[in-house]
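Single-structure report; data block below.
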Amino acid sequence: MATATVKILLNIIGIIAVLLAILGIFLPLLPTTPFLLLASACFVRGSERLHGWLLTNRLFGEYLRNIEEKRGIPLKGKIMTLILLWASLAFSIYTVRPLLLKGMLVLIGLGVSAWILRMKTLRYDD
């Protein structure tokens, strides 16, 4: 059971993550999904009410519920996530000097990519 201070901190982090996710809808290099997942994880531990709001939100509620309930994500979401992931990683790999950090970034990217690709792909009947 989290203390009141921890819950407040988790809720603040969650709110900041939601704001960054909303910005990510409009800014191409700011990823939306990781911030939504962070917000959801914070709200699960910080506030049932905020977590419920996030899951019922008309913009990203269904998307988050599909991920949390392990139903999957749409193909377009997978493609965009992978493109943005590797674009930001490529920039970071280019920017950092130590070879060890470059290797760690590649390994993290491969792990996240494998996790995304293993998720079920949602297909919508048109």
Side-chain angles (χ1 to χ4, degrees):
M1 184 79 57
T3 65
T5 305
V6 171
K7 285 185 175 193
I8 290 169
L9 184 61
L10 286 170
N11 289 335
I12 290 169
I13 293 168
I15 290 168
I16 291 169
V18 169
L19 294 174
L20 290 171
I22 292 168
L23 284 175
I25 294 170
F26 304 103
L27 300 174
L29 289 179
L30 191 63
T32 301
T33 301
F35 289 119
L36 286 177
L37 294 176
L38 174 62
S40 182
C42 288
F43 291 157
V44 159
R45 291 160 188 81
S47 168
E48 281 184 37
R49 186 175 64 83
L50 287 173
H51 187 247
W53 168 80
L54 194 60
L55 292 179
T56 57
N57 183 282
R58 70 176 182 85
L59 287 178
F60 23 76
E62 181 181 3
Y63 184 75
L64 263 179
R65 284 190 309 275
N66 286 335
I67 292 172
E68 284 191 7
E69 295 168 6
K70 295 183 179 19
R71 281 187 266 177
I73 60 175
L75 182 60
K76 181 181 175 185
K78 280 186 176 187
I79 292 169
M80 287 304 298
T81 300
L82 289 171
I83 288 170
L84 291 173
L85 168 72
W86 283 102
S88 61
L89 280 175
F91 176 76
S92 297
I93 291 167
Y94 176 76
T95 305
V96 299
R97 287 263 185 226
L99 190 58
L100 180 62
L101 287 179
K102 291 177 188 266
M104 288 173 57
L105 288 170
V106 168
L107 289 176
I108 290 168
L110 290 172
V112 172
S113 295
W115 178 73
I116 290 168
L117 292 170
R118 287 184 52 177
M119 288 182 76
K120 196 185 307 182
T121 302
L122 287 176
R123 305 216 185 274
Y124 295 107
D125 296 329
D126 294 16

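When every heavy atom of Leu37 is checked against every heavy atom of Trp115, the shortest pair comes out as CD1-CH2, 4.3 Å. Closest non-hydrogen pair, Gly72 versus Leu122, comes out as O-CD1, 3.5 Å. Heavy-atom minimum distance, Phe43 versus Ile15: CZ-N, 3.6 Å. Minimum interatomic distance between Thr95 and Phe91 (heavy atoms only, all atoms of both residues): OG1-O, 2.7 Å. Here the shortest heavy-atom pairing between Leu105 and Ser92 reads CD1-CB, 3.8 Å. Minimum interatomic distance between Gly77 and Thr81 (heavy atoms only, all atoms of both residues): O-OG1, 2.6 Å.
With Cys42 as reference, Leu10 is the one residue of Leu10, Ile16, Ile12, Leu54 to meet the side-chain contact (heavy atoms from CB on, under 4.5 Å) rule.
A distance-only check finds no donor-acceptor pair linking the side chain of Ser40 to the backbone of Leu36 [under 3.5 Å]. At distances below 3.5 Å, at least one donor-acceptor pair connects side-chain atoms of Asn66 with backbone N or O atoms of Glu62. In this structure a side-chain-to-backbone donor-acceptor pair under 3.5 Å is present from Lys102 to Val96.
Looking at Trp86 and Ser113, their side chains do bring a donor and an acceptor atom within 3.5 Å of each other. No side-chain N or O of Thr32 forms a donor-acceptor pair with one of Tyr63 less than 3.5 Å apart. Donor-acceptor pairing under 3.5 Å is lacking for the side chains of Ser47 and Lys7.
The line from NE2 of His51 to CZ of Arg45 is 9.5 Å long, rounded to the nearest 0.5 Å. Distance CD1/Ile93 to CG/Leu101: 10.5 Å, rounded to 0.5 Å. To the nearest 0.5 Å, atom OG1 of residue Thr121 and atom NZ of residue Lys78 are 2.5 Å apart. With values rounded to the nearest 0.5 angstrom, Leu84 atom CG is found 12.0 Å from Ile79 atom CD1. To the nearest 0.5 Å, the span separating CG on Leu55 from CD on Glu69 amounts to 8.0 Å. The distance from atom CD1 of Ile116 to atom CG of Leu82, rounded to the nearest 0.5 Å, is 4.5 Å.
No path of Ile, Leu, Val, Met, Phe, Trp and Tyr side chains, each step under 4.5 Å between heavy atoms, connects Leu99 with Val106, placing them in separate hydrophobic clusters. Placement of Ile22 and Trp53 within a single hydrophobic cluster is found when ILVMFWY residues are connected by side-chain heavy-atom separations under 4.5 Å, directly or transitively. In terms of hydrophobic clustering, with Ile, Leu, Val, Met, Phe, Trp and Tyr side chains grouped at heavy-atom distances under 4.5 Å, Leu59 and Leu64 are assigned to a common cluster. Cluster membership check: Leu110 shares its hydrophobic cluster with Ile108, using side-chain heavy-atom separations under 4.5 Å among Ile, Leu, Val, Met, Phe, Trp and Tyr.
Looking only at side-chain heavy atoms (C-beta outward), Phe35 and Leu19 stay at 4.5 Å or farther from each other. Using a 4.5 Å heavy-atom threshold, the side chains of Val18 and Leu50 count as separate.
Partners of Arg65 according to the salt bridge (Lys or Arg N to Asp or Glu O under 4.0 Å) rule, which considers only residues two or more places apart in sequence or in another chain, do not exist here. Remark: Glu48 engages no residue in a salt bridge (Lys or Arg N to Asp or Glu O under 4.0 Å) (not counting sequence neighbours).
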So Met119 and Ile67, side-chain contact (heavy atoms from CB on, under 4.5 Å) or not? Walk me through it.
CA-CA 9 Å; Met119 288 182 76; Ile67 292 172; 4.1 Å; yes

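Membership of the apolar cluster around Leu9 extends to Ile13, Leu38, as traced through chained side-chain contacts below 4.5 Å between ILVMFWY residues.
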